[in-house]
Amino acid sequence: MRYGMVIDLSRCVGCQACTVACKQKNGTPPEVFWSRVLMSETGKFPNARMQFTPILCMHCEKPACKTVCPTGATEKQANGIVTVDQEKCIGCRYCMVACPYDAREFNYSSLKSQYAGQKLTAFERTHEDKHQVGKVGKCNFCADRVQAGQSPKCVETCPAKARFFGNLDDPQSEVSQLIAKRGGHQLQAELGTSPSVYYLPV
Amino acid sequence: METRTSSIDLSRRGFLKLTGATGTLAVLGGGILGGRGSHLLSTALAATKPQEGEWHYTYCRMCMRGDCAAQYKIVNGVVTEVKGNPASPTNKGTLCPRGLTLIQNLYNPYRVKAPVKRTNPKKGLDQDPGWVEISWDEALDTVAKKFKAIHDKDPRGLLVNLGFGGMDYFTSFIPYVPASFHTPNLITTNGALCSVHYATELVQSCFPVAIADFAYCEYNIALGRTVAGNIGAANGETRGMLDALKRGMKLVVVDPRSSPDASKGEWVPIRPGTDLAFMLGLINTVLYEVKTIDTDFLTNRTNGPYLIRADGSYLRNAAGKPQVIDARSGKTTAFDAPGVKPLLEGQANTPAGDAKTGFTLMKESMKEYTPEWAEKQSTVPAATIRRIAKEFVGHAHIGETITLNGVTMPFRPVSVLVNRGSINHADGTVTDLSTKILNELVGALDVPGSCLACIHGPLLKPDADGTVEPAREAVGEPFSYPPQSLDLSQYYPYRHSMPFQAYRSVLEPEKYGLTYKVEGALVIGGNVVTSLVEPDLMAKAVASIPFVTTIGYHFDEMAALSDIVMPDHAMLERMAVNVFETTFGAIGPDTLGLRMVMMRDPAPPTYNTRLSQDIVMQIWQRIGLLPIMLDVMNHAGIMMGEITMAHLPPDLQLDPTKVYTIEEIWDRGLQATTEPGKGVDWFKQNGIWTKFDTRDKCYNYTYFPMGKTRYQIYFEGLRTGGQKLRQNLEKNNVKLPGVDFNEMFAYYDPIPKWRETPLMKEMRLGPKDFDLLGINFKMALSNFRLGGQDQLPWLTETGEKLDPLYNSVCLNPRVAAAKGLQEGQMVWVESKYGKTRGRLHISEMFHPDSVGIGGALGRMVSTLGKAPTQRTHFNQLLGAPLNTIDPIAGGVENTVRVKVYAA
């Protein structure tokens, strides 16, 4: 079992639903995005178009973050998900230097309200304990949802149905089939971390 | 029992006629200070208290579509998660970023938490209202007393201002409030910048819009229009568009800016405000160069063969019937003579002079609009116009048929569709009518793959002249002098929404011929100050009204100018119902034929808030008008969705002597819409009710097939309407400030023609430093201010951190370079109406004549947080003098002449 994700760039319309879904699911602090869509443009007028690249933790097979973590807080689970144990994390941020995908975020302060200058809302209070000061956080493929047989929140919410999730070790799984049939590629594959997130071409 | 719902005439006149209501007040057990409704609220709450930890059904209306069924979970009394309902055929368990943000709409520290009254008598956006919290009883009693006085003196003195924020999928009190209070002054803030209905109402007898058919379409031209991706529409339109593209559909997006939709297809940049030129160039190319048209359709299903006299009217026989040339005899005869074979093109010599067919006149008129001419006006290359015209006709499959569910009908899988980017200009309705012509040239109306009326049913019933009966706004409000309505709807009978005029009339009623003054306003979720035009003028007008009460969600600009603010529920807290039986953009394979009824099982209120509908009924009860309101509901039906009225069967009718909560009323409406027994409790358990029509029923052709009805291609309805209107205005010596009737009525032309609009005239004659055209566009993170989109941090922060177009002023690189402006610097964008400041973003995705300011951002009060006030506010640039608007639909010119310079 090796969980992976496929993102179909021919379908992504850059709406950022996935970005907001992740914020809702994880209650991440202000300015922290564990999943986001990079928006850019290509071409010159009149042949200019938008480009969208949704990114998140790649849950690499050879995660650079795990290699450098001094305390073992970063682990790769048997199902392929790379997790961070905030109790073990000492906040050295070496992992953030090592990660080629900018996937990790550091909690510089205790959780503040997204409403600048206001007290935590009732919703935000339910996530207060999950983001400890001085620790690192990142996408965990919604491990609790996956365990319950659901897909990650970003996959569930995508209005374009551009995201897929499943077992990369099973050649018949939807994700494996998409990669094989449509030529799925990894970002920055040459760096050798072997991401578990694949992209289908525009 | 049969489900009885219908599309009903919602004009105020229609409702007053239906109720038979007179002016007498029936005070039944109520009166001003009696009949407290507060106990009803707690009863309702107790009945609807949801169970912990379980999913509860709801639906989203963070944009005005409201098509996405959803669910939310409560854990330890807190809503912790929102998701799409997987069983919903529209969104299939997905939600866009706005729907996901329903939780922040709920837990928003800037909400109004209790009723308040103003203690500072000075009104202005810079004034501190001096809010003091009051009880619900005091609030309701005060409002009722003021409104009763207005009602007794002159009910026209009450202005009711609704907006998308209060129209929870339109199941608000649009019909009942004005009908029971007897004020003609119901206005909506929404619609003035999106006046996109007349042409479809006139030609296809459909409100609100025409849509694309992504189940079958092969070639779609989207002109000034979001297709789906631009807003990440979760309701099936994005999926539908992408799936259609995958199966080979071609998407051509004609727009001053490149967009997510354009990036999936072909982007055709166009100079802002010149969409009509592009359309006329396409029509010319099809008629004179491609020369392949659906002659069968045009001859037998349009009024193209009808003979037209020199004065523009139909040539009629002694019996009053429009005439055609019969190919068998060469003589003129009635259009419906037995066995007649009309000639599409030709001319008849009559004693009264020559009469040409409508098609001939239209074709001759299009001759001058060559692709070269169109390129000069629009900057779209002639070669591109030629290619698109050829491709459009090539994909139309003229002559082919398709059989669905055993019913054979024409197959015309092409469409050209428009929306507010193209229609909100002085010649906007003319542009929309020209798209009907192009679709009709290849027979692409109301058949599979084509330009569809968004609702299906026997809409195409012919009138006595054999052409489709117009609907709704295209029927027109009756004229009266002096005018009755603040928005002058008696002078703009086909108008969609003219709130800017209503508030100008508030300030200067005599100037517009109004014989009364506005004494009070009821505002529910509509913000004419921020979301319309000329904010300072609108604020001045609102502030001038002696008593304003707002039912509001947060302390916005309208609340700031109010005397009493009554707090509205947040969206998840609102019990509400909605019927999906139309989409606004495109139907797809998943949603074709779908009818879906949704309900919100409300979350318990966080604060001391109430449902706006219950508030209104509680006020009406105190005034003594509730029995009339309930009577109107019995006669007109319960509003269950934008176009759905549920007529209550005898056993569910309301007793006008009783008092109801809106939940009790909608419980009856739900049963009347679905089946007996399927009311609130059933929907709490099941969430949605769905029904699919067979595919043949989704195409209105099947109700009135070949030869049974004709579409207007020569727009006689517009011509006669304009003629009558002008006669009435001149007979009564009406003077509209700044308006030249020759200019105004030129647009009421049965054939779309190119004219220099006021905007173009300004570009030609005005100061040369105003050298750019400001445009606005929808964004997924900000497509309205609905639900507080510009206030909720998941949306605003994501936009600011990740989207270069969000809260930016966008310029083409050559333009920026010529002005010496750099990426990221602050600039002013200034029009003759106002100015706004913003951060420059340089992008190849914008036409060099344009300045792009996207989304619905910008605020003028700091009671929503500091950040919203610092964002670029496009509406500051807009104005709507009567001689600049679309004189048919009343739409505001949304492309504005500006200059851009360093701040």
Side-chain angles (χ1 to χ4, degrees), chain A residues 8 10-25 27-28 30-33 36-52 113-127 145 150-151 153-163 202, chain B residues 75-84 91-97 100-101 103-104 106-110 228-234 238-239 242 246 258-264 267-269 606 780-781 793-795 797-798 801-804 812-813 843-848 865-867:
Chain A
D8 188 346
S10 75
R11 292 184 76 90
C12 177
V13 290
C15 70
Q16 306 276 4
C18 47
T19 304
V20 175
C22 179
K23 297 234 31 136
Q24 191 208 95
K25 164 74 177 79
T28 45
E31 313 208 352
V32 170
F33 295 96
R36 62 205 139 117
V37 181
L38 304 179
M39 303 173 88
S40 59
E41 60 178 77
T42 181
K44 294 248 175 278
F45 180 88
N47 299 307
R49 56 181 68 231
M50 303 179 91
Q51 283 182 313
F52 310 112
S113 175
Q114 293 258 199
Y115 287 97
Q118 301 286 336
K119 293 201 311 241
L120 290 180
T121 66
F123 172 85
E124 289 167 340
R125 283 199 299 276
T126 67
H127 289 279
R145 290 176 57 99
Q150 300 170 307
S151 57
K153 186 83 179 166
C154 57
V155 173
E156 173 192 81
T157 208
C158 176
K161 294 281 189 192
R163 297 174 84 114
V202 169
Chain B
V75 177
N76 295 326
V78 178
V79 174
T80 56
E81 193 178 347
V82 171
K83 67 171 183 178
N91 57 322
K92 296 203 165 182
T94 70
L95 274 185
C96 78
L100 291 163
T101 310
I103 293 181
Q104 288 196 325
L106 175 61
Y107 299 118
N108 176 354
Y110 295 95
N230 291 0
I231 59 168
T238 305
R239 290 190 328 266
L242 293 166
K246 195 153 110 189
S258 186
S259 64
D261 289 331
S263 301
K264 298 293 185 211
W267 178 38
V268 177
T606 318
L781 293 167
W794 283 339
L795 298 174
E797 191 183 88
T798 300
K801 289 282 172 293
L802 297 176
D803 189 345
N812 182 286
S843 168
E844 299 279 356
M845 299 194 298
F846 288 84
H847 191 282
K866 186 149 172 258

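The figures that follow rest on heavy atoms only: side chains count, while hydrogens, waters and symmetry mates do not. Chain naming here is simple, since letters A, B, ... match the order of the sequence lines and numbering starts at 1 in each. Given the structure is predicted, the values throughout are model-derived calculations rather than measurements.
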K.L.:
Minimum heavy-atom separation for Pro159(A) and Ala234(B), please, with both atom names.
P.N.:
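Shortest heavy-atom contact: CB-CA, 3.7 Å.
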K.L.:
Going from NZ on Lys23(A) to CG on Leu100(B), what distance comes out if it is rounded to the nearest 0.5 angstrom?
P.N.:
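Here the interatomic distance stands at 13.0 Å.
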K.L.:
How close do Gln16(A) and Pro97(B) get, counting heavy atoms only, and between which atoms?
P.N.:
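The answer is O-CB, 3.9 Å.
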K.L.:
Using side-chain heavy atoms (C-beta onward) and a distance below 4.5 Å, is Val13(A) in contact with Thr238(B)?
P.N.:
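Yes, close enough: below the 4.5 Å cut-off.
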K.L.:
Need one label for Val37(A): side chain, backbone, both or neither, based on atoms under 4.5 Å from any heavy atom in chain B.
P.N.:
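Backbone only.
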K.L.:
Do the non-hydrogen side-chain atoms of Pro260(B) and Phe52(A) ever get within less than 4.5 Å of each other?
P.N.:
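Touching, per the 4.5 Å side-chain cut-off.
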K.L.:
Look at Ser40(A), Ala162(A), Ala122(A), Gly27(A) and state which one has the largest set of heavy-atom pairs under 4.5 Å with chain B.
P.N.:
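Heavy-atom pairs under 4.5 Å are most numerous for Ala122(A).
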K.L.:
Of the backbone (N, CA, C, O) and the side chain (C-beta and beyond), which part of Phe846(B) lies under 4.5 Å from a heavy atom of chain A, both, or neither?
P.N.:
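The backbone, not the side chain.
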K.L.:
Tell me, for Lys264(B) versus chain A, whether the close heavy atoms (under 4.5 Å) come from the side chain, the backbone, both or neither.
P.N.:
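Both backbone and side chain of Lys264(B) come within 4.5 Å of chain A.
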K.L.:
Could you tell me which portion of Glu31(A) (side chain, backbone, both or neither) has an atom closer than 4.5 angstrom to a non-hydrogen atom of chain B?
P.N.:
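Answer is both: backbone and side chain atoms of Glu31(A) are under 4.5 Å from chain B.
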K.L.:
How close do Phe45(A) and His847(B) get, heavy atom to heavy atom, and via which atoms?
P.N.:
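Answer, listing the atom of Phe45(A) first, then His847(B): CE1-CA, 3.7 Å.
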K.L.:
Between Arg36(A), Glu41(A), Lys25(A), which has the largest tally of heavy atom pairs under 4.5 Å with chain B?
P.N.:
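The candidate making the most pairs under 4.5 Å is Glu41(A).
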K.L.:
Side chain from CB out, backbone as N, CA, C, O: work out which of these in Ala233(B) comes under 4.5 Å of a heavy atom of chain A, or both, or neither.
P.N.:
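Backbone only.
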K.L.:
Heavy-atom distance under 4.5 Å to chain A: side chain of Asn812(B), backbone, both or neither?
P.N.:
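For Asn812(B), the side chain is the part near chain A, not the backbone.
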K.L.:
Heavy-atom distances under 4.5 Å only: say whether Ala116(A) touches chain B with side chain, backbone, both or neither.
P.N.:
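Contact with chain B: backbone only.
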K.L.:
Which region of Ile103(B), side chain (C-beta onward) or backbone (N, CA, C, O), has a non-hydrogen atom less than 4.5 Å from a non-hydrogen atom of chain A, or is it both or neither?
P.N.:
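Only the side chain of Ile103(B) comes within 4.5 Å of chain A.
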K.L.:
Can Glu797(B) and Gln114(A) be counted as having a side-chain donor-acceptor contact under 3.5 angstrom?
P.N.:
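Side-chain D/A pair, Glu797(B) to Gln114(A): present.
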K.L.:
Would you mind telling me which of Lys866(B), Glu81(B), Lys92(B), Glu844(B) has the largest number of heavy-atom pairs within less than 4.5 Å of chain A?
P.N.:
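Winner by heavy-atom pair count: Glu844(B).
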K.L.:
For chain A, find which of Pro109(B), Gly84(B), Cys96(B) contributes the most heavy-atom pairs closer than 4.5 angstrom.
P.N.:
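Sorted descending by pairs with chain A, the first entry is Pro109(B).
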K.L.:
Using heavy-atom distances under 4.5 Å, tell me whether Lys153(A) contacts chain B through its side chain, its backbone, both, or neither.
P.N.:
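Contact with chain B is through the side chain of Lys153(A) alone.
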K.L.:
Heavy-atom cut-off 4.5 Å, strictly under: side chain, backbone, both or neither for Asp803(B) against chain A?
P.N.:
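The answer is both parts of Asp803(B).
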K.L.:
Looking at every heavy atom in both Ser258(B) and Ala48(A), which two are closest together, and how far apart are they?
P.N.:
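Smallest heavy-atom distance, with atoms named: OG-O, 2.9 Å.
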K.L.:
Nearest 0.5 Å please: distance from the NZ atom of Lys246(B) over to the CG atom of Asp8(A).
P.N.:
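If I round to the nearest 0.5 Å, the distance is 7.0 Å.
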K.L.:
Which heavy atom in Leu802(B) sits nearest to a heavy atom in Met39(A), and how many Å separate them?
P.N.:
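Looking at all heavy atoms of both residues, the shortest contact is O-SD, 3.6 Å.
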K.L.:
Tell me, out of Gly93(B), Ala780(B), Pro793(B), who's got the most heavy-atom pairs with chain A below 4.5 Å.
P.N.:
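Greatest number of close heavy-atom pairs with chain A: Pro793(B).
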K.L.:
Under a 4.5 Å heavy-atom cutoff, which of Ser113(A), Gly117(A), Pro30(A) has the most pairs with chain B?
P.N.:
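Option with the top pair count is Pro30(A).
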K.L.:
Give, as side chain, backbone, both or neither, the part of Thr42(A) having an atom under 4.5 angstrom from any heavy atom of chain B.
P.N.:
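Answer is neither: Thr42(A) stays 4.5 Å or more from chain B.
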K.L.:
Do side-chain atoms of Gln24(A) reach the backbone of Val82(B) as a donor and acceptor pair under 3.5 angstrom?
P.N.:
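Checking the backbone N and O of Val82(B) against the side chain of Gln24(A), a donor-acceptor pair under 3.5 Å is found.
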K.L.:
For the pair Tyr107(B) (side chain) and Glu124(A) (backbone), establish whether a donor and an acceptor sit closer than 3.5 Å, ignoring hydrogens and angles.
P.N.:
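No, Tyr107(B) side chain to Glu124(A) backbone: no donor-acceptor pair under 3.5 Å.
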K.L.:
Looking at chain A, which one of Pro848(B), Ala228(B), Pro813(B) has the largest number of heavy-atom pairs inside 4.5 Å, strictly under?
P.N.:
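Winner by heavy-atom pair count: Pro848(B).
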K.L.:
Is a donor on one side and an acceptor on the other found under 3.5 Å between the side chain of Lys83(B) and the backbone of Thr157(A)?
P.N.:
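Between the backbone of Thr157(A) and the side chain of Lys83(B) there is no qualifying donor-acceptor contact (under 3.5 Å).
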K.L.:
Could you check which of Cys12(A), Ser10(A), Ala17(A) has the highest count of heavy-atom pairs closer than 4.5 Å to chain B?
P.N.:
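Option with the top pair count is Ala17(A).
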K.L.:
Checking heavy atoms, do the side chain of Phe123(A), its backbone, both or neither come under 4.5 Å from chain B?
P.N.:
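Its backbone and side chain both get close to chain B.
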K.L.:
I need the Leu781(B) CG to Cys15(A) SG distance, nearest 0.5 Å.
P.N.:
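Between Leu781(B) CG and Cys15(A) SG, I get 8.0 Å after rounding to 0.5 Å.
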K.L.:
Quick check on Ser843(B) against chain A: is it the side chain, the backbone, both or neither that has a heavy atom closer than 4.5 Å?
P.N.:
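Backbone plus side chain of Ser843(B), per the 4.5 Å heavy-atom cut-off to chain A.
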